[in-house]
Structure formats: structure tokens, C-alpha cells
There are 2 protein chains.
Amino acid sequence: MALGEFEYLMLTAAARLGDDAYGAAIRQEIEQVTGRACSLGALYTTLDRLEKKALIKTWMGEATPQRGGRAKRMVRVTAKGARAASSFYDTVIRFSRGVAWASK
Amino acid sequence: MALGEFEYLMLTAAARLGDDAYGAAIRQEIEQVTGRACSLGALYTTLDRLEKKALIKTWMGEATPQRGGRAKRMVRVTAKGARAASSFYDTVIRFSRGVAWASK
DNA sequence: GCCATTAGAATCACATTGTGATTCTAATTG
DNA sequence: CAATTAGAATCACAATGTGATTCTAATGGC
């Protein structure tokens with residue numbers, strides 16, 4: 001099942017955002033916290049893939065009440081998704097124990 | 001530059017093994033600690049890629065003094081590799097702060 | 001000495017993930 | 001109604017990860 005790094009970031013971003021999780025917001029969150037760009041291609045294709053694997057659920061929400069506001073694609077992490085993310089996190093942590101860069 | 005999850009595991013395994021880091025040993029380390037299989041294909045193609053990116057250095061060592069022992073492909077993580085791994089680790093940790101699965 | 005056995009490396013075609021550039025959609029402001 | 005804008009979708013392509021299979025040479029038993 002494996003879960004790439006970017007997939008993990010998306011799951012985590014969605015979890016952090018909770019009820020406010022939707023495509024563009026997730027993207028912003030990722031860029032803000034990691035400091036590196038998140039391409040739109042990566043965003044939506046990964047959303048599709050995560051949904052196909054049932055790690056997230058997705059549905060069209062309401063439009064933002066703002067100029068140009070458009071319907072948002074809302075995202076929620078499923079139980080299965082949380083398990084997968086948790087397992088990714090655990091693997092990284094456990095594996096890094098004792099290595100130089102994991103201690104500063 | 002990004003660094004996939006598997007690449008991170010390989011760098012970390014090599015770092016843990018220190019002077020004893022070589023192809024097959026890294027594989028064993030990964031399987032033992034993560035509990036999941038590490039295919040040979042993944043192993044050697046990723047070694048090649050990491051070396052091309054200068055994140056590790058590789059050279060042929062001595063044969064194991066054992067039945068069937070064959071020359072080993074020794075591995076050392078470069079300074080650049082350590083930086084990349086460190087940055088991957090930091091990103092995961094920082095990003096996971098406050099999320100449910102990062103606290104148990 | 002010879003050959004079966006074995007540790008370890010290499011290759012290759014293929015599946016999965018990640019990216020950039022570009023286009024589409026519809027609500028809002030004026 | 002036309003310009004503007006938040007947000008989503010698509011697509012061709014690049015990078016990563018995998019399984020199956022083959023190659024290589026040293027060693028131990030005989």
C-alpha cells in the first residue's frame with residue numbers, strides 16, 4: 001500500500017484543516033508549512049488517487065461567498081486513511097530512531 | 001528534489017549500518033524494521049538513483065568470507081545525502097505536529 | 001580438482017506517483 | 001452585461017518503486 005510522501009502530506013493537511021479541508025486550502029497549507037511549491041497537477045491527481053484507495057472522501061460543497069468564489073471540493077480523511085497515515089508516520093519515526101538527523 | 005519515502009528509508013538504513021552498509025544488508029535492515037518486503041528491483045535501482053543525485057557514494061568492497069560470499073556493493077551517505085534526509089525528516093515531523101496520529 | 005550451493009549484484013519491463021502548463025466554470029462586482 | 005476572480009479539471013510527461021529473472025564468483029564437501 002506504501003503511501004508516497006506527497007500523499008502523506010495531503011492526508012495530513014486535510015486532517016489539520018478538518019471541516020475546512022478542500023482542494024485549494026490543502027494546497028496552501030502544504031506550501032505554507034513545507035515552504036515548497038505544490039503543483040495543481042499533483043494536487044488533483046493525488047486527490048483522485050487517494051479517493052480511489054478510499055483513504056479520503058470527497059464531495060462538492062458550496063461556493064465561497066466571495067468574488068469569483070466557486071464550489072469547493074471538500075475533503076475528509078476516512079478511518080482507513082488515518083490508519084495509513086499513522087502507519088507511515090510510525091515507520092518514519094521508528095526507522096529514524098538513533099540516526100543523527102533525528103535528534104536535533 | 002523531494003526524496004521519496006523509499007529513498008529516505010534507504011538513506012536511513014545506510015546511515016544506521018555505518019561501515020557495514022551494503023546492498024543486501026540494507027535490504028535486510030529495511031525488511032526487519034518496517035516489517036514489509038523490500039524488492040531487489042527497488043533496492044538497486046534506488047541505489048543507482050541516489051548515487052546519481054550524489055546523496056550516497058558507492059564502491060565495490062571485499063567478498064564475505066563465507067560460502068558463496070561475493071563482493072559487496074558498499075554504501076556511504078554523503079553530506080548532501082544527510083542534509084536531504086534531515087530535511088525530509090523535519091518536514092514530516094513539523095507537518096505532523098498536532099495531528100491525531102502523531103501523538104500516541 | 002570439481003561441481004553443487006550460496007551470498008550478493010544486476011537488469012528489464014512494468015506499475016505507481018508526482019509535476020507543469022493550460023484550460024474550464026460560474027459567481028460576483030461594478 | 002463584461003471583467004474579474006476562486007477554484008477545479010485535464011493531459012502529457014518525468015520521476016519513483018516493483019517483481020521476476022539472470023549473472024557472478026567464492027566456498028565447502030567429496
Side-chain angles (χ1 to χ4, degrees), chain A residues 1-11 13-14 17 20-31 34 36-56 58-75 84-85 88 91, chain B residues 1-11 13-14 17 20-31 34 36-56 58-75 84-85 88 91:
Chain A
M1 165 181 297
L3 205 58
E5 189 210 6
F6 188 68
E7 293 179 312
Y8 176 75
L9 292 183
M10 290 228 358
L11 279 179
L17 290 166
D20 299 324
Y22 64 95
I26 290 178
R27 180 180 186 215
Q28 202 179 319
E29 179 84 1
I30 290 182
E31 298 201 325
T34 68
R36 67 180 202 227
C38 163
S39 75
L40 287 183
L43 184 69
Y44 290 105
T45 58
T46 302
L47 271 188
D48 288 346
R49 284 166 192 162
L50 289 177
E51 186 159 36
K52 197 170 302 167
K53 294 200 242 174
L55 302 182
I56 58 172
T58 272
W59 68 96
M60 294 312 282
E62 313 230 314
T64 322
Q66 278 175 31
R67 203 181 217 272
R70 214 196 137 183
K72 299 167 177 171
R73 180 164 175 189
M74 308 304 292
V75 175
F88 177 100
T91 297
Chain B
M1 162 181 297
L3 206 57
E5 188 210 8
F6 189 68
E7 293 179 313
Y8 176 74
L9 293 183
M10 290 229 359
L11 280 178
L17 291 166
D20 299 324
Y22 64 95
I26 290 177
R27 180 177 185 219
Q28 202 180 318
E29 179 84 1
I30 290 182
E31 297 201 327
T34 68
R36 65 181 203 225
C38 163
S39 74
L40 288 182
L43 185 71
Y44 291 105
T45 57
T46 303
L47 271 188
D48 289 346
R49 284 167 192 159
L50 289 178
E51 185 158 38
K52 196 169 303 166
K53 293 200 245 174
L55 302 183
I56 59 173
T58 271
W59 67 97
M60 291 315 279
E62 312 230 311
T64 323
Q66 277 176 32
R67 202 180 216 272
R70 214 196 136 184
K72 299 168 178 172
R73 180 162 173 190
M74 308 303 293
V75 175
F88 177 99
T91 298

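Here is the naming used below: chain letters follow the sequence lines, and residue numbers restart at 1 for every chain.
- Under the salt bridge (Lys or Arg N to Asp or Glu O under 4.0 Å) criterion, B/R49 pairs with no residue, sequence neighbours left out.
- Distance, A/L9 CG to C/dT19 C1': 15 Å, rounded to whole Å.
- In this structure, A/R36 atom CZ and C/dG20 atom C1' are separated by 16 Å, rounded to whole Å.
- Between the side chain of B/E29 and the backbone N or O of B/L17 there is no donor-acceptor pair closer than 3.5 Å.
- The CG-P distance, from A/L3 to D/dT18, rounds to 12 Å in whole Å.
- With rounding to the nearest 0.5 Å, the separation of CE in A/M10 from CD1 in A/I26 is 5.0 Å.
- Distance A/R49 CZ to C/dT17 P: 7 Å, rounded to the nearest Å.
- For the pair A/R27 CZ and C/dG18 P, the computed distance is 16 Å after rounding to whole Å.
- B/K72 has no side-chain polar atom (N or O) that falls below the 4.0 Å cut-off from OP1 or OP2 of D/dT24.
- We find the NZ-OG1 distance between A/K52 and A/T58 to be 12.5 Å, quoted to the nearest 0.5 Å.
- Here the side chain of A/Y22 is nearest to one of D/dA8, C/dA9, D/dT18, namely D/dA8.
- Every residue meeting the side chain to side chain donor-acceptor pair (under 3.5 Å) condition with A/D48, not counting sequence neighbours, appears here in chain and number order: A/R73.
- The 12-atom threshold is not exceeded at CD of B/Q28, counting heavy atoms of other residues, nucleotides or ligands nearer than 6.0 Å.
- Residues of residues 38-45 of chain A that place a heavy atom closer than 4.0 Å to DNA chain C, in numerical order, are A/S39, A/L40, A/G41, A/A42, A/T45.
- Close to D/dA9, at under 4.0 Å from its OP1 or OP2, lies a side-chain N or O of A/R73.
- Remark: P of D/dT16 and CD of A/E7 are 15 Å apart, rounded to the nearest angstrom.
- Side chain of B/M60, nearest nucleotide from D/dA8, C/dA9, D/dG17: C/dA9.
- Summarising the geometry, the separation between OH on B/Y8 and C1' on D/dG17 is reported as 18 Å, rounded to the nearest angstrom.
- Following rounding to the nearest Å, B/L47 (CG) and D/dA15 (C1') show an atom-to-atom distance of 17 Å.
- Using cut-offs of 30° and 60° for the angle between ring planes, the A/F88 and A/Y8 rings count as parallel.
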